[in-house]
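Here the structure is laid out as structure tokens; the discussion comes afterwards.
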2 protein chains.
Amino acid sequence: MSEQSRPPKLGRVATYAGQSLEVLRGMILDGTLAPAERLNEVHLSQALGISRGPLREAIQRLASEGLVEAVPHRGVYVRSFSARELSDLYELRIALETHAVRLAARYAPQQRIDELGSMLDETESSMGVHATSAYPEDPDFHARLARLAANPPLVEALTDVGRRIRLARARSAHQPRRARTALDEHREILAALVARDGEGAAAKLESHLTSSLNNALAVLRAAEPD
Amino acid sequence: MSEQSRPPKLGRVATYAGQSLEVLRGMILDGTLAPAERLNEVHLSQALGISRGPLREAIQRLASEGLVEAVPHRGVYVRSFSARELSDLYELRIALETHAVRLAARYAPQQRIDELGSMLDETESSMGVHATSAYPEDPDFHARLARLAANPPLVEALTDVGRRIRLARARSAHQPRRARTALDEHREILAALVARDGEGAAAKLESHLTSSLNNALAVLRAAEPD
DNA sequence: CTACTGACAACTGTCAACAGTTTGCCGTAG
DNA sequence: CTACGGCAAACTGTTGACAGTTGTCAGTAG
């Protein structure tokens, strides 16, 4: 067991397992597979036109992303989140993302920050047309913000948390009013970032995410007030 | 596709995939499978006495934990970490763990904090005997500290980061002197926690982890000074 | 009417074989 | 001697079938 060699460069090739992963993730996040629903391997593999092997691999990865929960010998279920779990996820996200923005304020090259600004401009101009995007906290802004920290493991962790949050608040989809507010808050965060004010950006980001959480919680409780 | 039901309670049953996961994780963390080494599915499945199916599932999970890297059609490799990646991991860990300790200072019940203290006493008394534990930052203390935050996703994230760090610094195993220092630093952190001084505990924790990182980096550079 | 028992059906876990891709080797041409 | 091309071995991706477990539902005893 000493077969020395170095990992090759990544040469992406399509694989059924990989494709199924993306399809299933989409089905979960857009509600085709509802929370608490059980995934039947036979039915799903037939629906996707593949065998159970690759499907099981895809499901496995979904479990590691926290989108489904697998119980040995009893099947896998789309995760459903309580209000408490949603709060926990947001708290984690706040810790990660405020740290990311502090790093970005210190180390991010000016150009990348400017790109974020022009991205916001595009979002705003397309806003009048499409009325609103499907999701107020457009993941793009936050994902790009995270990447400015230039810390791959941090980005990875935030991606996972982001996906779970998106699933947890799937029902509270579009909220036109909040989308407008969110854009303004994004601009404030960016302004602090341009000024290289890490603490200020972190503070604005935290309040932004906190109000986003409160909004989600309100919708959640309105849906099931028990 | 609307099969309603609720997720059952967890009823752990042994499964080849699950067992293989733990075996393989152990082999990677203790160096039996060296960094950059390729995992041959056929050889491994024969060595473990199982077929490739469950083995592939176990490998899949290792990949999601960040311990191996899978390249489609080219095999999976035990991850090896550069100094930069190790720093990134520590930075992420610091962000997560300082946040955890702040939460702990605010919300953790007194009893759980006291348990941490008696655990440190045991560690110290067993220290003269075994001379030193295999790993200076004994994962137990940090893992328990994380759990005090009472935020499962946060604990999960820290577990993953901890495993990767442990792999990254696998070579720099025992360091008796540092183990002694680490224990003292743990006591300081705990003292701040007892005083419910979240900021103080966070600061002490950060410097503790920073010196741990510097120690690891020094060992790493000594091993391969290129 | 309720609680237990046993068999059946459905589903997940596992296996062995097949198929497609990658990689290394060998021969040939320049 | 070096560069290119094609063949073959090795390995990963995929499949369909088998095995063991779980959950359900009659049927029966209390």
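Note that the coordinates shown come from a computational prediction; the quantities given were computed from them, not determined experimentally. In what follows, chains are A, B, ... by sequence order, proteins preceding strands, each numbered from 1.
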Residue [X], side-chain heavy atoms: nucleotide from [options] that is nearest:
X     : options                : result
A/S51 : C/dG13, D/dT14, D/dG13 : D/dT14
B/R74 : D/dT22, D/dC11, C/dT23 : C/dT23
A/Y16 : D/dT12, D/dT15, C/dT12 : D/dT15
B/V42 : C/dT12, D/dT12, C/dT22 : D/dT12
A/R52 : C/dG13, D/dT12, C/dT22 : C/dG13
B/P54 : D/dC11, D/dG13, C/dC15 : C/dC15
B/R56 : C/dG13, C/dC11, D/dT12 : D/dT12
A/I50 : D/dT15, D/dG13, C/dG13 : D/dT15

inquiry  = Counting the atoms with a prime plus P, OP1 and OP2 as sugar-phosphate, which does B/G53 contact under 4.0 Å by heavy atoms, base, sugar-phosphate, or nothing?
reply    =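 The residue B/G53 makes no contact with any strand.
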query = Which part of the nucleic acid, if any, lies within reach of B/L55 when heavy atoms closer than 4.0 Å are counted: base, sugar-phosphate only, or nothing?
reply =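 Nothing, no nucleic acid heavy atom in range.
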query = Taking only residues two or more places apart in sequence, or in another chain, which ones meet B/S82 in a side chain to side chain donor-acceptor pair (under 3.5 Å)?
reply =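 B/E85.
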ask   = What is the distance, rounded to the nearest whole Å, between atom CD1 of A/I59 and atom P of C/dG13?
value =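 The distance from CD1 of A/I59 to P of C/dG13 comes to 9 Å, rounded to the nearest Å.
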request  = Starting at atom CD of A/Q46, determine the distance to atom P of C/dC11, rounded to an integer number of angstrom.
outcome  =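 So the two atoms are 10 Å apart, to the nearest Å.
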task = Flag the pair B/L44 / B/E41 as yes when at least one side-chain heavy-atom distance between them is below 4.5 Å, and no otherwise.
result =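 Not in contact.
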ask   = Can you find a heavy atom in the side chain of A/H142 that is under 4.5 Å from one in the side chain of A/H208?
value =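 They are in contact (side-chain heavy atoms under 4.5 Å apart), so the answer is yes.
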ask   = Who pairs with B/R84 by salt bridge (Lys or Arg N to Asp or Glu O under 4.0 Å), at least two apart in sequence or on another chain?
value =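 Scan of B/R84 (salt bridge (Lys or Arg N to Asp or Glu O under 4.0 Å), adjacent residues dropped) gives B/D88.
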